[in-house]
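For reference, the structure discussed in these notes is given below.
Order of the sequence lines sets the chain letters (A, B, ...), proteins ahead of strands, with each chain counted from 1.
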2 protein chains.
Amino acid sequence: MEIGGLAAIVGTEHVLTGAATRGLLGDMTESRGVAGHAEAVVRPADAGEVAAVMAWCWEHGVALTPRGGGTGYAGGCVPQGGVVVALERLRDVRSFEPLLWRAEVEAGLTTHDVRRRARESGLYYPPDPGAGEQSHIGGNVATNAGGPHAFKYGVTGAWVTGLEVVLPPGRLVRIGGAVRKDVAGYDLRSLLIGSEGTLGIVTAVTLRFVPAPEAALPAIAFYADEHSGGEAVQAAMASGIVPAALEFLDREALEIVRAAFPFDVPPDAGFALIAEADGDLASAQRGQAALHELMAPDALAVHLPSAPAEVAALWRWREGVGLAAAAALGGKASEDVGVPVERLAEIVAGTRAIGARHDLATCSFGHAGDGNVHATFLLRSGDATATERAHAAAQELFALAIELGGTVSGEHGLGGVKNGQLRHQWDPAAVALHDGVKRLFDPRGLLNPGKKLA
Amino acid sequence: MEIGGLAAIVGTEHVLTGAATRGLLGDMTESRGVAGHAEAVVRPADAGEVAAVMAWCWEHGVALTPRGGGTGYAGGCVPQGGVVVALERLRDVRSFEPLLWRAEVEAGLTTHDVRRRARESGLYYPPDPGAGEQSHIGGNVATNAGGPHAFKYGVTGAWVTGLEVVLPPGRLVRIGGAVRKDVAGYDLRSLLIGSEGTLGIVTAVTLRFVPAPEAALPAIAFYADEHSGGEAVQAAMASGIVPAALEFLDREALEIVRAAFPFDVPPDAGFALIAEADGDLASAQRGQAALHELMAPDALAVHLPSAPAEVAALWRWREGVGLAAAAALGGKASEDVGVPVERLAEIVAGTRAIGARHDLATCSFGHAGDGNVHATFLLRSGDATATERAHAAAQELFALAIELGGTVSGEHGLGGVKNGQLRHQWDPAAVALHDGVKRLFDPRGLLNPGKKLA
């Protein structure tokens, strides 16, 4: 491939090849053996350069794979040839209007940066996917990322009022903006959100915020197993409040992170439920008390932290669960199936049983209130066939999630690792429309090829 | 047209023709002269019959226009020939699981029925478009309807986790369901929501609810004009809470409904702002006080109702504003443009100026916090050219909304009356995709033809 044309657009120093692309061709699926390859990684300086890069690729029939922070769990940014468009230099905060509860930021800003900016002005940007220090807001939009606080506040898309996006064959387009309600056209904004870079490349987003809640007070309870734990999740939903978060860990996940947990874990605990009440201080206190009352009856122990430092320590610990699971045996294949909330115990027990059939240790944790489970198969370093067995186990897991009325992906997306699963979940007519949407936006099939295939 | 085939599907008594279709071919645009015509109105009993009706129409090349409660303001359900598919018999509550905060209801249930069902179990379904006693939940989904409480809680689509929809050529398909998070495929659910029956016919929806807030306490303040009123809207956004609603009326709207207003209106009032704080009682009280503090400085008068009966009277009155405006001179052409919130005063003043140029009285009211304005041109009975002048005035209004960074439709949709406007708002590449989506779903152009045209 002759890449001189790309260098003319972004500058020679921003066209990386060979060894210089190391670390820019993979994501969290590397630990399960997913590898990418590309002719070059280009780092455009701004949206105009992204458009020019796409136009060049279109002209030359070269595939493009957009890349954010590289923290995905589905291989969505792992290139299968062509050019990687890394958006890390698009980091401008184009506007930030705290009194109007909104900002327009470029795709390469980290989730953490967005949340910090908001917080410094008394505002709250709720989506909190797991690797906020590294993940980019553009990647969050591309995957419609969630996180613990999506239970009350919704996923990324609920906070995006406008998109700037480069569409084939290289045109920079705005859809929506600062206006909060818009039903003039078909909802192309939502169609692009979660499309994993297969329909267009998001270069900037207009976000809305809300005033930050004054307090957030968790209630942590431990149960004997996922059956009593699953019932506690439903009990927490009868507290009269909308919990800000309803997270869980199963027995095996608890075992892995027990030592780092900032509170005592009962030795016989087989399930942890972390609920949180937020609002003004009095309201959060009443909510915490209401959660406590309903979560306590079958609990082995309950903790009710109130000091902000304790609460912060809890969520830092929670954010580390995924990495701890990966470190336990050396690697992991972590899925993100979703089920109706009352099927939580079944998918947790089912994950364990599937793992046992494939001789794989498992752990499950995640967003109990949303029925969104990080069902995880642990991969022992040096176990040559573990990845293969995990792949087979995942197929059974996906089938179980669908059988329970759920989805193969609650927040990671299909990426490359769940290709072909959607056809088991959707009616053939919907699958045909899914494929038709791809052809409509990307008739030459050059945008992140090999991803999000039904 | 030979309609024997339709009678075989739905029964002879549910195929209406001639005079029997009276009242089933129009919506709220009748008062501005928009008229529909159809060969027949069919009333299928269930989703299976809807699918069979579509299949029959496909086979015979007959257009279908779905109809809900007929309360739209954009002519979306006004047929231009073919068959009207009235969904009024699809009224089953297929499931209602209050402890799991959700229900699956058929398209023909009224918005009011859904809200009442939720409320009776201590739950809250927030969307409250203006004619909830008549409007159907299916029509709310088809237009992605809003209402006053969308400011805090979002529009209809935010509460829909699953759709049952009949897609061409007559296939009954489910997209989503009870699961709350799902990023497995492109977001076809959001694409169908707000598509105004031009991509498919919604037959049932899975809705999510939240626990009902214990209290909702409004603060009503009056200002000299839309400039000081617009500043008060922004002041209310600095109260530290998310107001449940932020509604407004301009001078002319106040004049029309002054007599019915349940509180005293200062004689020189040129703008009314209705904010509301909700939550547990203490929290709502604190919120109401915070709103009061920030809204009071420039206000001519402030009312702080606290008795539930007073609050209910306020919102009943608010719901009557649209009808009162229509009754003022005999008719109205009411639009629903949206602008960024800081442009509120400009669109209100602009509406008045546009009306003056076209010799039309105006009034504006609506959802201040969302910048969503029911900019209304009043049509005097017997004024033969008023409708025509209102049409010309609306074109200027749409151009102004776009110029201010807004949208031609914040909640009514394009329907038939705003055809052609989207191309002024969107980039040509996005318009081309809009048209492509239509062709993808409805290649024969039989679904609600003549609507939502870019």
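If you measure heavy-atom distances from A:D182 to chain B, the contacts under 4.5 Å come from both the backbone and the side chain. With a 4.5 angstrom heavy-atom cutoff, B:R286 touches chain A only via side-chain atoms. Residue B:E196 touches chain A through its side chain alone, counting heavy-atom pairs closer than 4.5 Å. Using a 4.5 Å cut-off between heavy atoms, A:N144 touches chain B through backbone and side chain atoms alike. Residue contact with chain B, scored on non-hydrogen atoms closer than 4.5 Å, is absent for A:Q421. If you measure heavy-atom distances from A:L167 to chain B, the contacts under 4.5 Å come from the side chain alone. If you measure heavy-atom distances from B:A454 to chain A, you find no contacts under 4.5 Å at all. If you measure heavy-atom distances from A:E411 to chain B, the contacts under 4.5 Å come from both the backbone and the side chain. At a 4.5 Å heavy-atom cutoff, A:R189 makes no contact with chain B through either its backbone or its side chain. Only the backbone of A:H412 comes within less than 4.5 Å of a heavy atom of chain B; no side-chain atom from C-beta onward does. In this structure, chain A has heavy atoms under 4.5 Å from both the backbone and the side chain of B:D370. Contacts of A:L172 with chain B are made by backbone atoms alone, with heavy-atom separations under 4.5 Å and no side-chain atom involved. Interface residue A:L422: only side-chain heavy atoms are found under 4.5 Å from chain B. For A:L192, no part lies under 4.5 angstrom from a heavy atom of chain B.
When all heavy atoms of A:V242 and B:P211 are compared, the closest pair comes out as CG2-CD, 3.5 Å. Counting all heavy atoms, side chain and backbone alike, B:P340 lies closest to A:R102 at CB-NH1, 3.8 Å. Annotation for A:R171 and B:P428: closest pair NH2-CD, 3.8 Å, computed over non-hydrogen atoms. Nearest heavy-atom pair, A:Q234 versus B:L100, reported as atom, atom and distance to 0.1 Å: OE1-CD2, 3.5 Å. The two atoms that bring B:Q425 and A:A184 nearest to each other are OE1-CB, 3.8 Å, heavy atoms only. In terms of heavy atoms, A:V437 sits closest to B:L440 at N-CD2, 3.5 Å.
Comparing B:V408, B:L414, B:V337, B:V183 by heavy-atom pairs within less than 4.5 Å of chain A, the highest count is held by B:V183. Looking only at heavy-atom pairs under 4.5 Å with chain A, the residue among B:L123, B:D280, B:L404, B:T143 that has the most is B:D280. Ranked by heavy-atom pairs shorter than 4.5 Å toward chain A, the options B:G338, B:P168, B:G436 are led by B:G436. Among A:D336, A:V210, A:N372, the residue making the largest number of heavy-atom pairs under 4.5 Å with chain B is A:N372. Heavy-atom pairs under 4.5 Å with chain B peak, among A:A178, A:G146, A:G177, A:G185, at A:G185. By number of non-hydrogen pairs under 4.5 angstrom with chain A, the leading residue of B:G240, B:G406, B:G371, B:G194 is B:G240. Ranking B:L199, B:L99, B:V431 against chain A, the residue ahead of the rest is B:L199, based on heavy-atom pairs under 4.5 Å.
With sequence neighbours left out, the side-chain hydrogen bond (donor to acceptor under 3.5 Å, both in side chains) criterion links B:E164 to B:R94, B:T203.
At most 12 heavy atoms of other shown residues, nucleotides or ligands fall within 6.0 angstrom of atom CZ in B:R423.
Taking OG1 from A:T407 and CZ from B:R180, the interatomic distance works out to 14.5 Å, rounded to the nearest 0.5 Å. Considering CD1 of B:I175 and CG of A:L433, their distance stands at 7.0 Å, rounded to 0.5 Å. Once rounded to the nearest 0.5 Å, the distance linking OH of B:Y186 with CD1 of A:I193 reads 14.5 Å. Atom NZ of residue B:K181 and atom CZ of residue A:F151 lie 11.0 Å apart, to the nearest 0.5 angstrom.
When the options B:L191, B:L188, B:D187 are evaluated for a side-chain contact (heavy atoms from CB on, under 4.5 Å) with A:S190, the one that passes is B:D187.
Among residues 154-163 of chain B, the residues having any heavy atom closer than 4.5 Å to a heavy atom of chain A are, in sequence order, B:V155.
By the 4.0 Å N-to-carboxylate-O rule, A:D427 lies too far from B:R174 to be salt-bridged with it.
For the pair A:V173/B:W426, no side-chain contact is recorded, criterion being any heavy-atom separation below 4.5 Å from C-beta on.
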